[in-house]
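Structure first, then comments.
Excluded from the calculations below are hydrogen atoms, water molecules and symmetry mates; all remaining heavy atoms, backbone and side chain alike, are included. Residues: numbered from 1 along the sequence shown. Predicted model only: the values in this text are computed from it and were never measured.
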Amino acid sequence: MTIVITSCTNRKRRPVEVGLVASALTRGDLLSVAEEWGGRLKEASNKYPASEVYGGRAFQEARLAAEKVGGRLLIISAGLGAVEASSLIPSYACTVQKGAHDSIAERIEAGFSTSKWWSGLKETSPYHIDLPATLDGSDGLVLAALSEGYFELIADDLLQSDKSTLARLRIFTRTPASRLPEELQASVMPYDDRLDGPDSPIKGARSDFAPRAMRHFVENIMPSAKDGSAQEHADAVGSVLRDWGYLQKVERERLEDNEIIKLIEKHWDAADGSTSKLLRVFRDELKVACEQGRFAMLARKARAGRS
C-alpha cells in the first residue's frame, strides 16, 4: 500500500482544547517542556479523527492524493508526532515556527532545535507512531509532501529507514534538493514554479505547493509508471513540465494593516467570508501583497469586527 505523508496545518476545523496551547506551558528545558506537553495530551478529553481536525487546501490536497491511490495517510505534527489520519486526536495549538504565538521554541529556555524537539515529542506524545517501522512495513511508494521545516523534523527518521524504503520514497517540496540530506536528494521530484505558471492545471499558493505537486504526480505520473524508479519518475515529471511556462512575477502593492483590513471588509461578502478566497482576490485581482500568516491574522480581526 502507498503511504502518503503530509504536514498538519495551523488552521483547525475543531475548537482548540483549553490548555492544549504551547503558550500555556511553563518555560524550561526541552525535556521538562516535552514532558508537560505530553501530560496535557494524555489528559485531553475531546478527540476527533485527525482528518477532521486539520483544514486548509494543503491538507485537503494531500487527502485527495491519498484517496486517489487508496493510500494510508500519515500526518506529521509538531504537537503530536507522526499520526494516522484515522487516529482520534485532540485539537491543539503548537508550532516549531519561532516567533509564532504558539511556538514551542518560545517555551524552551536554551538548546532548542526542531530535531531535538521531535526526539522529545516522540518520547512523550501518546499519539505518535514509529515512523521508520511504519514505512519499512509498507510495500508501495512513500510519497512525502512537506516544507523544509517539517523535513527537518523527520529527516533522521527517514534516514533510519531501510535502503529499500528510501528507494520507494518520492519527495515533493519547494525546498531545493541541495538543502536536504544527501541520501534523500535523489528522491526529490523536480516540480518548480511552473506548477503555478500559465499552463498548470493545479495552481495555488506557496503554502500548498508540495501537496499540489504530489497530487499532480499521483494523477498524471503514477498511472503509467507506478513501478518506476526515482530517476524514471523524475524524468517523467520533467517531461511534463518541459511544455509548461514559468510563473510570471507580479509586482504587488504593500499596504499597512489598517488598509488591508478595510479591503477585507469591503470584499468580505463577495468571498463568502472565506480567508483563502479573500487572499486570492488580494493577490490576483487587487494586486496587493500580504504574507499568508499575516493575512489570516488580519482576516480574524476583520471577522471579529463584524460580530
Side-chain angles (χ1 to χ4, degrees), residues 6-41 43-46 48 50 52-59 75-81 83 89-118 120-121 124-125 127 146-150 152-153 205-208 254-261 264-265 273-276 278-279 282 289-307:
T6 190
S7 60
C8 63
T9 62
N10 288 331
R11 178 183 169 188
K12 299 293 189 297
R13 297 166 63 198
R14 299 288 185 175
V16 173
E17 181 151 341
V18 175
L20 283 186
V21 290
S23 58
L25 296 172
T26 305
R27 284 182 58 83
D29 60 70
L30 191 145
L31 180 58
S32 65
V33 172
E35 288 178 343
E36 182 183 352
W37 180 250
R40 293 186 179 219
L41 291 177
E43 295 171 358
S45 54
N46 298 316
Y48 318 91
E52 296 180 9
V53 171
Y54 304 112
R57 183 178 178 183
F59 182 75
I75 304 160
I76 305 304
S77 162
L80 302 180
V83 299
I89 65 169
S91 186
Y92 62 96
C94 178
T95 177
V96 292
Q97 182 180 350
K98 293 182 179 180
H101 175 66
D102 289 310
S103 172
I104 198 69
E106 306 301 323
R107 312 316 300 163
I108 295 171
E109 293 177 338
F112 176 83
S113 73
T114 53
S115 59
K116 288 180 180 178
W117 170 250
W118 184 253
L121 183 64
T124 57
S125 172
Y127 302 100
L146 299 168
S147 65
E148 183 173 9
Y150 280 94
E152 289 177 1
L153 284 176
R206 287 193 172 192
S207 60
D208 50 49
R254 298 187 178 277
L255 301 177
E256 298 295 328
D257 286 0
N258 63 323
E259 296 175 299
I260 289 177
I261 289 175
I264 289 174
E265 293 172 341
S274 166
T275 301
S276 59
L278 281 166
L279 185 56
F282 267 64
C290 188
E291 187 272 328
Q292 189 169 4
R294 177 186 174 216
F295 188 85
M297 180 268 291
L298 296 176
R300 286 195 295 270
K301 286 187 177 181
R303 181 179 287 108
R306 293 173 60 87
S307 59

Q | Modelled atom types, side-chain donor and acceptor of Ser77 and Tyr92, under 3.5 Å | A | yes
Q.
Tell me the closest heavy-atom pair linking Val96 and Ile104, and the distance in Å.
A. CG1-CG2, 4.1 Å
Q. Going from OG on Ser125 to CD1 on Ile89, what distance comes out if it is rounded to the nearest 0.5 angstrom?
A. 9.5 Å
Q: Just grab all the salt bridge (Lys or Arg N to Asp or Glu O under 4.0 Å) pairs involving residues 16-41, residues at least two apart or on different chains.
A: Glu36-Arg40
**Q.** Exercise: identify the closest heavy-atom pair between Lys12 and Val16
**A.** CG-CG2, 4.4 Å
Q | Exercise: identify the closest heavy-atom pair between Ala78 and Tyr150 | A | N-CE2, 4.4 Å
**Q.** Closest approach of Cys290 to Ile260 (non-hydrogen atoms, all atoms of both residues)
**A.** SG-CD1, 3.8 Å
Q | Non-hydrogen atoms of Ala105 and Lys98 that approach each other most closely | A | CB-CG, 3.8 Å
Q | From CZ (Arg300) to CZ (Arg303), nearest 0.5 Å | A | 8.5 Å
Q. Relative to the ring of Phe59, is the ring of Tyr54 parallel (under 30°), tilted (30 to 60°) or perpendicular (over 60°)?
A. tilted
Q.
Side chains of Arg294 and Asp257, heavy atoms from C-beta outward: is any pair under 4.5 Å?
A. yes
Q) Can you tell if the side chain of Ile75 reaches within under 4.5 Å of the side chain of Tyr127, non-hydrogen atoms only? A) no
Q) How far does CD of Glu106 sit from CG of Leu25, to the nearest 0.5 angstrom? A) 12.5 Å
(Q) Less than 4.5 Å apart, side chain to side chain, heavy atoms only: is that true for Asp102 and Cys94? (A) no
Q.
Nearest 0.5 angstrom please: Trp37 CH2 to Leu30 CG, how far?
A. 14.0 Å
(Q) Could you measure the distance from the CZ atom of Phe295 to the CD1 atom of Ile264? Nearest 0.5 Å is fine. (A) 4.0 Å
Q. Is any side-chain heavy atom of Phe112 less than 4.5 Å from a side-chain heavy atom of Arg107?
A. no
(Q) Could you tell me if the side chain of Thr124 sits less than 4.5 Å from the side chain of Leu41, heavy atoms only? (A) no
Q.
If I take atom OG from residue Ser91 and atom CG from residue Leu20, how far apart are they, to the nearest 0.5 angstrom?
A. 8.5 Å
Q. Should Val21 and His101 count as side-chain neighbours, where that means a heavy-atom distance under 4.5 Å?
A. no
Q) Mind checking what makes side-chain contact (heavy atoms from CB on, under 4.5 Å) contact with Glu256, not counting sequence neighbours? A) Asn258, Glu259
